[in-house]
Amino acid sequence: MTAPHPALPPARDLDRGLGPAEVAAGVGHSELVDAVDEAVVGEVAVLVSEASDALAAAARHGAAGPEDGRDPRGLRSPVDLEVIIPAYNESGRLPATLTAMVAFLSEQPWTSRVVVVDNGSVDDTAASVLAVDGRACNVATGWCVEVVAIGCSKAGKGAAVYRGLRTSRSRFVGFTDADLSTPLETFLPVMEALRAGAAAAIGSRHAPGAQIAGRQPLGRRLGGAAFRALSRPLLPGVHDTQCGFKFFDRAAVQSALWRSRSVGFAFDVELLRHVRDDGGRIAEISVTWTDVAGSSFSPVRDGVAAFSAVARLHAQLGGGRPESPSDARPSHTPTPTPTPTYRAAAGSPA
């Protein structure tokens, strides 16, 4: 580097900056320009080198993922199955729900992660995720099921679900309600259907062989029947679009996922309709479903919003394509199993 002018401070002092007198003394001296130019170039070179190292590290983590399950872009490392739980003010029941789910998933031969999407809660929903004692591990495989929490500032269960699905890189991804109204054993036929090529495997309370444990209030039953009748032309052959247990082949559902806009009670209908329009097969899994007491769903207030949302989908999408034999036949009818008795709101019309 060209030596600085004698009137100027040594190059090693440039880091502390030049005073007004020093700058004035250096004006017109080409040596100062050379010194500053080279100092700037040196700083840029360091920054470029650091950025290059960071990108190289990110690329190395891309295949297996960092140890904490995340990469520099905010995406989680891939697993076989990622379970999204949309949550709004769920601090009371999440610890028990997560403990039961992690314990079940840790016994399975596939790798799993549980992702709680905090949908603008005003309680300790996100903090309650930490109440799960560590990670349950499969002794045979050595894989541990982790639980993470992410946020979603946009209101609506659909917005929370989309946030979880869109940030996943796992082979299979889907969502379930925090109340565990659908038995955890349903994961078994769901994974079987997805591995057999289904684009979507959804729990159904109304397909042949399904059961509902406990009698729902009359208003919920009537509202649910009306909602199913209104939704049926959009998805012929699908018996139940609103059971909160839906999982997808992530690669097969990507286009449908990014085209979906509904965030209210009809978001399930729109997402499944796009999946079918793209040629994806929807497998219905008959379940024994428990109507958990304490639902926040109001047949009057929420029912009107749900029907309006479906009506908008009719205007936007029109009727569904005719059902195929594979659509009309449920892919699996499991033996009824006891459902865990966690107190929670179902949060969707029956």
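Just so you know, these numbers use all the heavy atoms, side chains as well, and skip hydrogens, waters and symmetry mates.
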Asp278 (side chain) donor-acceptor with Gly280 (main chain) under 3.5 angstrom:
no
Smallest separation among heavy atoms of Val275 and Ala199, with atom names
CG1-CB, 3.8 Å
Gap separating the CD1 atom of Ile212 from the SG atom of Cys243, nearest 0.5 angstrom
9.0 Å
Output for pair (Thr99 OG1, Leu94 CG), nearest 0.5 Å, gives 10.0 Å
d(Arg259 CZ, Leu271 CG) to nearest 0.5 Å is 9.5 Å
Is there a donor-acceptor pair closer than 3.5 Å between any side-chain N or O of Thr186 and the backbone N or O of Thr182?
no
Can you check whether Ala207's main-chain N or O pairs, donor with acceptor, with Ser204's side chain at less than 3.5 Å?
yes
Can you measure from CG (Leu98) to CD1 (Ile85) and round to the nearest 0.5 angstrom?
5.0 Å
Decide yes or no on salt bridge (charged side-chain N to carboxylate O under 4.0 Å, His left out) for Lys157 and Asp177, but give the supporting numbers first.
CA-CA 10 Å; Lys157 178 181 177 181; Asp177 291 332; 2.7 Å; yes
Determine whether Pro208 and His239 make a side-chain contact, defined as any pair of heavy atoms from C-beta on separated by less than 4.5 Å.
yes
Run the side chain to side chain contact (heavy atoms under 4.5 Å, CB included) check on Leu313 and Leu234 step by step: do they pass?
CA-CA 8 Å; Leu313 288 180; Leu234 291 168; 3.9 Å; yes
Flag for Glu90-Thr125: side-chain donor and acceptor within less than 3.5 Å:
no
Quick note, ring pair (Phe, Tyr, Trp, His ring centres under 6.0 Å) partners involving residues 166-190, not counting sequence neighbours, are Phe175-Phe267, Phe187-Phe245, Phe187-Phe247
Residue pair Gln108 / Leu188, side-chain heavy-atom distance below 4.5 Å
yes
Ring pair (Phe, Tyr, Trp, His ring centres under 6.0 Å) pairs touching residues 80-114, sequence neighbours excluded, are none
Do side-chain atoms of Arg250 reach the backbone of Ser170 as a donor and acceptor pair under 3.5 angstrom?
yes
Between Ser168 and Glu82, a side-chain donor and acceptor under 3.5 Å:
yes
Between CD1 on residue Ile282 and CZ on residue Arg273, distance to nearest 0.5 Å:
10.0 Å
Specify the closest pair of heavy atoms between Asn89 and Ser121, including all atoms of both residues, with the distance to one decimal.
N-OG, 2.8 Å
Between Thr111 and Trp143, is any side-chain donor less than 3.5 angstrom from a side-chain acceptor?
no
Please determine whether side chain to side chain contact (heavy atoms under 4.5 Å, CB included) holds for the pair Val83 and Thr176, giving the CA-CA distance in whole Å, both sets of side-chain angles, and the decisive distance to 0.1 Å.
CA-CA 7 Å; Val83 182; Thr176 184; 3.8 Å; yes
For His274 and Leu317, run side chain to side chain contact (heavy atoms under 4.5 Å, CB included): C-alpha distance rounded to whole Å, both residues' side-chain angles, the deciding distance at 0.1 Å, then the answer.
CA-CA 9 Å; His274 288 316; Leu317 303 175; 3.9 Å; yes
For the residue pair Thr167 / Arg163, report whether a side-chain donor-acceptor contact shorter than 3.5 Å exists.
no
Determine the minimum heavy-atom distance between Cys152 and Asn119, stating which atoms define it.
O-ND2, 3.4 Å
Using the rule given for side-chain hydrogen bond (donor to acceptor under 3.5 Å, both in side chains), can you reason through Arg312 versus Ser308, listing the C-alpha separation, both sets of side-chain angles and the distance that settles it, and then say yes or no?
CA-CA 6 Å; Arg312 286 194 296 271; Ser308 298; 5.1 Å; no
Are Val115 and Val263 joined in one hydrophobic group, where the rule is that I, L, V, M, F, W and Y side chains link up if heavy atoms are under 4.5 Å apart?
no
Short side-chain to backbone donor-acceptor contact, Arg166 and Leu257, under 3.5 Å:
yes
Could you tell me if Ser106 and Asn138 have a donor-acceptor pair between their side chains, going purely by distance under 3.5 Å?
no
Closest non-hydrogen atom pair between Ser262 and Tyr162, with its separation:
O-CE1, 3.0 Å
Quick check: does any side chain N or O of Glu146 sit under 3.5 Å from a backbone N or O of Arg113, one acting as donor and the other as acceptor?
no
Dump the intermediate steps for side chain to side chain contact (heavy atoms under 4.5 Å, CB included) on Gln211 and Val287, then the final yes or no.
CA-CA 6 Å; Gln211 298 183 23; Val287 302; over 6 Å; no
Answer whether the closest heavy-atom distance between the side chains of Leu272 and Phe248 falls below 4.5 Å.
yes
Only one of Val117, Asp118, Val129 forms a side chain to side chain contact (heavy atoms under 4.5 Å, CB included) with Ile150, so which one is it?
Val117
Side-chain heavy-atom pair Val269, Ser231 within 4.5 angstrom cut-off
yes
Do Ser286 and Arg205 pair up side chain to side chain, a donor and an acceptor below 3.5 Å, judged on atom types alone?
no
Residue pair Asp240 / Glu284: nearest heavy atoms and the distance that separates them:
N-OE2, 3.2 Å
Okay, side chain of Gln242, backbone of Phe265: is any donor-acceptor separation there less than 3.5 Å?
yes
Whether Asp80 and Arg171 form a salt bridge (side-chain N of Lys/Arg under 4.0 Å from carboxylate O of Asp/Glu) is what I want to check.
no
With distance as the sole test, does Asp123 use its side chain to make a donor-acceptor pair with the main-chain N or O of Ser91 at under 3.5 Å?
yes
Can Asp268 and Lys246 be counted as an ion pair, charged N to O under 4.0 angstrom?
yes
If you take all heavy atoms of Val161 and Pro86, which pair is closest and at what distance?
CG2-CG, 3.9 Å
Donor-acceptor pair, side chain of His206 and main chain of Thr241, under 3.5 angstrom
no
To the closest 0.5 Å, what do you measure between CZ (Arg228) and CZ (Arg232)?
7.5 Å
